[in-house]
Amino acid sequence: MKLLLIGYGKMGRAIEARAVARGHQIVGIIDPAFPEASITDFDPATVDAAIEFTHPDAAFANIQACLRQGLPVVSGSTGWLHHFQEAVKLCQETDGSLFYASNYSIGVNLFFHFNEYIATKMHQFGGYDVQVREIHHTQKVDQPSGTALTAAEAILRHFPAKTSWRNEAAQAPHELAVLSERTGAVVGTHIVTYTSEADTLELKHEAHSRDGFVDGALLAAEWLPGHQGVFGMKDLLGI
């Protein structure tokens, strides 16, 4: 494929290396470090898909420019979703293709899917308490992690016995404990645990590196051409 990279930070450089290793061609890089290049320099004849990982203040403008140029665009930028409906409207007006996810790890997205399913089943049969635990490296300041919050919110939707969460041990039966640990150089581990008097069931995702995010973004770019509309990881994974 002929790929256009928009953003050349850690994620952009990692995508470049992975894409080239998989036989794709990087036909352009849009970044302040390359001021001579512009999205308007490219069109569907020269680009199969654009992959956009930039900053909240630039992401929506980049997505707009891609759609207006007729370029399928995969975006992993966060902080611009207050413009999401505008992006959907523009995608419809231009018959364009937009793929957005806040987390491109295939494993994490399957973790989210199974988490919802298990919560529903555990609620049906009763007798279990549940908690979420996340472990990250010591440099990660925010807690709980976004992944842990997504998991917790899904549990609250599908396990009615829990109506709120707290970032510590639960103080009441209706509270969901979301426990955070910071240790060593752990990339990211998330564990949902159901416990009853009879047994314990755990759903766990452990990231060994950041390659999963890169692979997921590339997979989305490979999948998107030929699909018209707005898509996410559930569409890609068929869940």
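Reckoned from all heavy atoms, side chains included, excluding hydrogens, waters and symmetry mates. What you see is a predicted model, and the numbers here were worked out from it, not measured in a lab. In what follows, residues are counted from 1 in the order of the sequence shown.
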Scan side-chain atoms only and decide if S38 and T40 contain a donor-acceptor pair under the 3.5 Å cut-off.
yes

Item to check | Pair T78-Y100, side chain to side chain contact (heavy atoms under 4.5 Å, CB included): steps then yes or no | outcome: CA-CA 10 Å; T78 58; Y100 173 75; 4.0 Å; yes

Query - Y8 backbone acceptor or donor facing D31 side chain under 3.5 Å - result: yes

**Request:** Take I51 and I6 through the side chain to side chain contact (heavy atoms under 4.5 Å, CB included) test and state the conclusion after the steps.
**Result:** CA-CA 6 Å; I51 303 179; I6 305 174; over 6 Å; no

Is there a side chain to side chain contact (heavy atoms under 4.5 Å, CB included) between I39 and N62 once you walk through the steps? CA-CA 8 Å; I39 295 173; N62 292 331; 3.9 Å; yes

Checklist line | N103 backbone acceptor or donor facing N109 side chain under 3.5 Å | finding: yes

Can you confirm whether the side chains of D215 and Y104 place a donor and an acceptor under 3.5 Å from each other?
no

Original post:
Within the side chain of K2, is there an N or O that forms a donor-acceptor pair under 3.5 Å with the backbone of A45?
Top reply: yes

| message | Could you check whether E175 pairs with K162 (Lys NZ or Arg NE/NH1/NH2 to Asp/Glu carboxylate O, under 4.0 Å)? | response | no

Discussion item. Parallel, tilted or perpendicular, judged at 30° and 60°: which one describes the rings of H190 and F111?
Written reply: tilted

CG (L67) and OG (S97) are apart, to the nearest 0.5 Å, by 8.0 Å

_Test of understanding: clusters of I, L, V, M, F, W, Y form through side-chain heavy atoms closer than 4.5 Å, transitively. Do F114 and L201 belong to the same one?_
yes

So CG of L3 and CZ of F42: to nearest 0.5 Å the spacing works out to 11.5 Å

*Is the side chain of N167 donor-acceptor paired with the backbone N or O of V178 at a distance under 3.5 Å, no angle test?*
yes

*asked:* Around atom CZ of F34, are there more than 12 heavy atoms from other residues, nucleotides or ligands closer than 6.0 Å?
replied: yes

Does a side-chain heavy-atom distance below 4.5 Å link V186 with H136?
no

- Task: Look at atom CD of E197 and say whether more than 12 heavy atoms of other residues, nucleotides or ligands are closer to it than 6.0 Å.
- Result: no

One should read off an interatomic distance between Y194 OH and I118 CD1, to the nearest 0.5 angstrom, of 7.0 Å

Is a donor on one side and an acceptor on the other found under 3.5 Å between the side chain of D43 and the backbone of T46? yes

- Task: Classify the side-chain pair E202/T200 by whether it contains a donor and acceptor separated by less than 3.5 Å.
- Result: no

_Hydrophobic cluster membership, L81 vs M233, 4.5 Å side-chain cutoff_ = no

Does a sphere of radius 6.0 Å around NE2 in H55 hold more than 12 heavy atoms from other residues, nucleotides or ligands, not counting ones at 6.0 Å or beyond? no

Within a strict 4.5 Å, meaning less than it, do heavy atoms of the S164 and L156 side chains meet? no

- Item | Side-chain donor or acceptor of H137 paired with backbone N/O of K140 under 3.5 Å | yes

Output for pair (F53 CZ, K10 NZ), nearest 0.5 Å, gives 14.5 Å

- I239 and V192: same hydrophobic cluster, using ILVMFWY side-chain contacts below 4.5 Å? yes

* **Same apolar cluster: V132 and L179, side chain cutoff 4.5 Å** => no

Go through the steps for W80 and S75 under the test side chain to side chain contact (heavy atoms under 4.5 Å, CB included), then give the verdict. CA-CA 11 Å; W80 67 274; S75 176; 4.0 Å; yes

The reported gap from CG in L149 to CD in Q143 (rounded to nearest 0.5 angstrom) is 10.5 Å

List, one per line, each side-chain donor-acceptor pair under 3.5 Å for residues 203-214, sequence neighbours excluded.
{"unit_1": "S209", "atom_1": "OG", "unit_2": "D211", "atom_2": "N", "d": "3.1"}
{"unit_1": "S209", "atom_1": "OG", "unit_2": "D211", "atom_2": "OD2", "d": "3.4"}

> Would E134 and S180 count as having a side-chain donor-acceptor pair, cut-off 3.5 Å?
Replying inline: yes

Requested in this report: Flag the pair E116 / R157 as yes when at least one side-chain heavy-atom distance between them is below 4.5 Å, and no otherwise.
Outcome: yes

Review point. Do E222 and H24 get their side chains close enough for a donor-acceptor pair, meaning under 3.5 Å?
Key: yes

- request: Report the relative orientation of the aromatic rings in H83 and F60; use parallel for angles under 30°, tilted for 30 to 60°, perpendicular for over 60°.
  value: parallel

Self-check item: Distance-only polar pair, side chains of D95 and Q228, donor-acceptor under 3.5 Å
Solution: yes

One should read off an interatomic distance between S145 OG and R182 CZ, to the nearest 0.5 angstrom, of 6.5 Å

